[in-house]
Colleague: 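Got a structure for you, questions after.
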Amino acid sequence: MPELPEVETIRRDLVSKIVNKKIKEVKILDKKVVEEGKDKEYKNLKNLKIITIIRQGKLLAFLLENKKYILIHLKMTGQLVFKSDSDIIAGGHPFSSKNNSNSISKVLPDKHTRFIIYFSNGSILFFNDIRRFGYVKLVSKEKWQEIKESYGPEPLKAEFKLEDFKQMLSKRKTSIKAVLLNQKLISGLGNIYVDESLFMSNIDPRREAKSLKDKEVENLFKNIVKVLKLAIKNRGTTFSDYVDGSGKAGGYSSKLLVFGRDGDLCGKCGSVIKKVKVAGRGTHICEKCQK
DNA sequence: AAGATTGTTGCTTA
DNA sequence: TTAAGCAACAATCT
C-alpha cells in the first residue's frame, strides 16, 4: 500500500525521468481507470510536455503544458513503472528490463497494465494495478486546487504545525488511529506509518484522540515526521505490491517495528506484538509499550 | 469457501 | 452542521 513515503519516492524517481518529456501517445487499456466517457480527452494530450510532478498525500499530479493535470492515485496495488529506451533494448524483449538485484520488475505491459504514457524519445510510463482501485483523472487547474484544499497539512512541510495538530486532536472523539488515517485532517499517512508512529510514541491506537496529553501529542508529532523521513530515505516500504519508479522494492520493510510483525517480539520490551482491529483496519500493537 | 485485506468515497446515523 | 462509522469497491489470498 503506497503511502506518503512510497508515493514521494515514485515522484522523485519520475521527476528525473519524465519532466520536460513530450507525450507521444496515451493508451487506456482498462476504461475503468479513467472517468466514464472522458477517454476521448486523452487523445488531446499528444505533443504536450510534462512540466512538473506534484504530490498531495498519496495522490500524484502531472502538470502539463496546457495547464491541465493528470492525477494518478495508486490506492492499494497501483504501480508506476518507467522504462527508458535503453531499458527496453537491454532486456532483449521489446518490453522487458535489466534484472537488478532487488528488481521485481517484469515484462510490461502485462495483464495488470491499465494505462500507458508513451514519450516522444521512446521511453514509456506504465500504470499497473492488480486490484483496479487506482485511477487516472484529467483535471483543470481550478479542480486540482479544489482537490488539494480538501486535504489536511503535509506532515513534512512547514504547514504541519504542532499547535494546529494539538487543536485538531483535542476536538476529535474518535480513535487516534482513525484521525491519523483521515486524509482531510493530515495528508499521506496510511496503515503502515500510523501503526509505526503510534508504536514509536507508546500510544495505543484505540485511545480517543482528545485524551492524548500534551507530551504525547508532541511526541507523536515528532515521530510522524521522523518515520516518514526515514522511510523516504530508505525508498519506502514494500509490503504487497509497491515498487518504485524503476520497478524496485522499497528498503524500509526490514526496518518496520510493528507493522506486519504480529507474533514477533517487541524490540523494546520483548512481549508479543498483537494484531487487533481499530477503525476497521488491521492494527499492530505492543500492548505492554502502548498505553 | 467465506472472510480478510486495503484507501477512499459516499451513505446513514447520531 | 458536522462527525463518526460502516458498506462498497476489486481481486487475491488464506
Colleague: Using OP1 and OP2 only, check whether a side-chain N or O of His73(A) sits under 4.0 Å from dT8(B).
Modeller: yes
Colleague: Measure CG/Asn182(A) against P/dT2(C) and give the value in whole Å, please.
Modeller: 15 Å
Colleague: Nearest to the Arg281(A) side chain among dG7(B), dT9(B), dA11(C), which nucleotide is it?
Modeller: dG7(B)
Colleague: Rounded to the nearest 0.5 Å, how far does NZ of Lys148(A) lie from NZ of Lys143(A)?
Modeller: 15.0 Å
Colleague: Has Lys275(A) got a side-chain N or O lying under 4.0 Å from the OP1 or OP2 atom of dT5(B)?
Modeller: yes
Colleague: Could you give the distance from NE2 (His73(A)) to CD1 (Ile147(A)), rounded to the nearest 0.5 Å?
Modeller: 10.5 Å
Colleague: Could you list the protein-to-nucleotides 11-14 of chain B atom pairs, N/O on both sides, closer than 3.5 Å?
Modeller:
none

Colleague: Write down the distance between CZ (Phe133(A)) and P (dA10(C)), rounded to a whole number of angstrom.
Modeller: 7 Å
Colleague: Lys137(A) has an atom NZ; how far is it from atom P of dT8(B), in whole Å?
Modeller: 13 Å
Colleague: If you check the Thr174(A) side chain, which of dT8(B), dT12(C), dG5(C) turns out closest?
Modeller: dG5(C)
Colleague: Would you check if Val194(A) and Pro205(A) make a side-chain contact, meaning some heavy-atom pair closer than 4.5 Å?
Modeller: no
Colleague: Would you call the rings of Phe115(A) and Tyr42(A) parallel, tilted or perpendicular if under 30° counts as parallel and over 60° as perpendicular?
Modeller: perpendicular
Colleague: How long is the line joining NZ of Lys75(A) and C1' of dA8(C), in whole Å?
Modeller: 11 Å
Colleague: Between atom CD1 in Ile192(A) and atom P in dT5(B), what is the gap in whole Å?
Modeller: 15 Å
Colleague: Less than 4.0 angstrom between a side-chain N/O of Lys173(A) and OP1 or OP2 of dA4(C), yes or no?
Modeller: no
Colleague: Indicate, with a heavy-atom threshold strictly under 4.0 Å, whether Gly282(A) touches base, sugar-phosphate, or nothing.
Modeller: sugar-phosphate
Colleague: Donor-acceptor pair, Glu3(A) side chain versus Lys58(A) backbone, under 3.5 Å?
Modeller: no
Colleague: Tell me the interatomic distance from Arg206(A), atom CZ, to dG5(C), atom C1', rounded to whole angstroms.
Modeller: 18 Å
Colleague: Please report the distance, rounded to the nearest Å, between CZ in Arg131(A) and P in dC9(C).
Modeller: 14 Å
Colleague: Respond yes when some side-chain nitrogen or oxygen of Gln183(A) is under 4.0 Å from OP1 or OP2 of dT8(B), and no when none is.
Modeller: yes
Colleague: Between atom CD of Glu154(A) and atom CD of Gln56(A), what is the distance when rounded to the nearest 0.5 Å?
Modeller: 4.5 Å
Colleague: Mark yes or no: Lys268(A) above the aromatic ring of Phe199(A), with NZ or CZ under 6.0 Å from the six-membered ring centre and no more than 45 degrees from the axis.
Modeller: yes
Colleague: Could you check how far NZ of Lys210(A) sits from P of dT2(C), rounded to whole Å?
Modeller: 18 Å
Colleague: OP1 or OP2 of dA4(C) versus the side-chain N and O atoms of Arg172(A): is any pair under 4.0 Å?
Modeller: yes
Colleague: Just N and O in the side chain of Thr77(A): are any of them under 4.0 Å from OP1 or OP2 of dT12(C)?
Modeller: no
Colleague: Return yes when atom NZ of Lys233(A) has more than 12 non-hydrogen atoms of other residues, nucleotides or ligands closer than 6.0 Å, and no otherwise.
Modeller: no
Colleague: Is Lys277(A) near enough to dT5(B) that one of its side-chain N or O atoms lies under 4.0 angstrom from OP1 or OP2?
Modeller: yes
Colleague: For Arg132(A), report the nucleic acid contact type (base, sugar-phosphate, nothing); a contact means any heavy atom under 4.0 Å.
Modeller: sugar-phosphate
Colleague: Nearest of dG7(B), dT12(C), dT9(B) to any side-chain atom of Lys184(A)?
Modeller: dT9(B)
